[in-house]
Amino acid sequence: MTETTTTGRTTDGKATVNSARGRGAVALTVARVALALFFGFSASAKLIAHESAVEAFDRMGWSHGAMYVIGALEMLGAIALLVPLLAGVAAMAFVGLLAGASVVQLTLLDPIDAIMPALLIVLVVLIARDRRDRTAQLVALVQRP
């Protein structure tokens, strides 16, 4: 069964959209905030050199400098997820970060733990797709002479 989106006008002239689309938008907003918190906490552990983060980077054979760089990227992405104009770009960047995390889990750490970043890729792709109009606006702003 296919659900269609219907729009109409209220008495004051504002457009209305069916509740299914509204629920989807709310769900993606909640997902953006939840992911921002998730990545913010993950970044914080790296930026304060929490022993779990240090141990993970030592197990991978990576420097602590790499830990700080990845932590900074995660924190910037987490903040950008909360800014409507930047959320789509942040989501696209997280696709790359999460793909890398999956590969690292598969090859250097615990392969079963590669499932979580792989699942999160699906969510950030949905966010990027939902925010594609805002991303186009951002590109247009950057390209202005």
Side-chain angles (χ1 to χ4, degrees), residues 1-8 14-145:
M1 183 169 147
T2 304
E3 184 173 318
T4 59
T5 302
T6 57
T7 58
K14 293 183 180 175
T16 61
V17 180
N18 73 4
S19 61
R21 184 169 180 206
R23 284 191 304 268
V26 169
L28 284 173
T29 299
V30 169
R32 275 190 314 112
V33 172
L35 279 173
L37 290 171
F38 173 81
F39 285 119
F41 284 122
S42 176
S44 296
K46 292 171 183 75
L47 293 172
I48 66 167
H50 188 272
E51 68 182 60
S52 63
V54 170
E55 179 186 324
F57 277 79
D58 287 345
R59 281 181 59 202
M60 292 184 292
W62 291 10
S63 73
H64 293 183
M67 177 181 66
Y68 292 121
V69 168
I70 292 171
L73 291 171
E74 283 181 343
M75 186 61 78
L76 291 171
I79 293 166
L81 276 175
L82 299 173
V83 178
L85 189 61
L86 301 176
V89 173
M92 288 188 290
F94 275 126
V95 168
L97 189 83
L98 290 167
S102 288
V103 170
V104 166
Q105 287 293 341
L106 284 170
T107 59
L108 300 176
L109 297 173
D110 301 315
I112 193 69
D113 291 336
I115 294 170
M116 177 61 114
L119 291 175
L120 289 177
I121 287 173
V122 173
L123 189 54
V124 294
V125 165
L126 290 173
I127 292 168
R129 185 178 186 281
D130 180 61
R131 293 291 168 167
R132 65 188 179 275
D133 292 340
R134 293 283 180 109
T135 302
Q137 288 176 340
L138 180 62
V139 169
L141 282 172
V142 170
Q143 290 179 342
R144 264 192 202 154

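FYI, the numbering just counts along the sequence from 1.
- Residue pairs satisfying the ring-ring contact (aromatic ring centres under 6.0 Å, His included) criterion with at least one member in residues 110-135, sequence neighbours excluded, are absent.
- In this structure, the side chains of F94 and L35 stay at 4.5 Å or more apart for every pair of heavy atoms.
- Looking at heavy atoms from C-beta onward, H64 lies in side-chain contact with D58 at the 4.5 angstrom threshold.
- By the salt bridge (Lys or Arg N to Asp or Glu O under 4.0 Å) test, R59 pairs with D110, sequence neighbours left out.
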For residues 121-145, which side-chain donor-acceptor pairs fall under 3.5 Å, sequence neighbours excluded?
from: R132; atom 1: NH1; to: R129; atom 2: O; distance (Å): 2.6
from: T135; atom 1: OG1; to: R131; atom 2: O; distance (Å): 3.1

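- Shown here for A114 and S102, the closest heavy-atom pair between the two residues is O-OG, 3.5 Å.
- Among residues at least two apart or in separate chains, there is no ring-ring contact (aromatic ring centres under 6.0 Å, His included) pair with a member in residues 96-124.
- Looking at residues two or more places apart in sequence or on another chain, you find no side-chain hydrogen bond (donor to acceptor under 3.5 Å, both in side chains) involving T107.
- Annotation: side-chain hydrogen bond (donor to acceptor under 3.5 Å, both in side chains) contacts involving residues 88-98, sequence neighbours excluded, are absent.
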Using atom types as modelled, flag every donor-acceptor pair under 3.5 Å from a side chain in residues 36-45 to any protein atom, sequence neighbours excluded.
from: S42; atom 1: OG; to: K46; atom 2: NZ; distance (Å): 2.8
from: S42; atom 1: OG; to: E74; atom 2: OE1; distance (Å): 2.9
from: S42; atom 1: OG; to: E74; atom 2: OE2; distance (Å): 3.4
from: S44; atom 1: OG; to: G40; atom 2: O; distance (Å): 2.8

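- Residues in residues 122-145 take part in no ring-ring contact (aromatic ring centres under 6.0 Å, His included) pair, two or more places apart or across chains.
- Every residue two or more places apart in sequence or in another chain was checked for a side-chain hydrogen bond (donor to acceptor under 3.5 Å, both in side chains) with D113, and none qualifies.
- For the residue pair A49 and Y68, the shortest heavy atom distance occurs at CB-OH, 3.5 Å.
- Within the structure, the salt bridge (Lys or Arg N to Asp or Glu O under 4.0 Å) test picks out no pair touching residues 80-100 (sequence neighbours left out).
- Each ring-ring contact (aromatic ring centres under 6.0 Å, His included) pair with one or both residues in residues 72-91, not counting sequence neighbours, would appear here, but there are none.
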Cut-off 3.5 Å, no hydrogens considered: what does the side-chain donor-acceptor table look like for residues 80-92, sequence neighbours left out?
none

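- Between the CD1 atom in I115 and the CG atom in L120 there is a gap of 12.0 Å [rounded to 0.5 Å].
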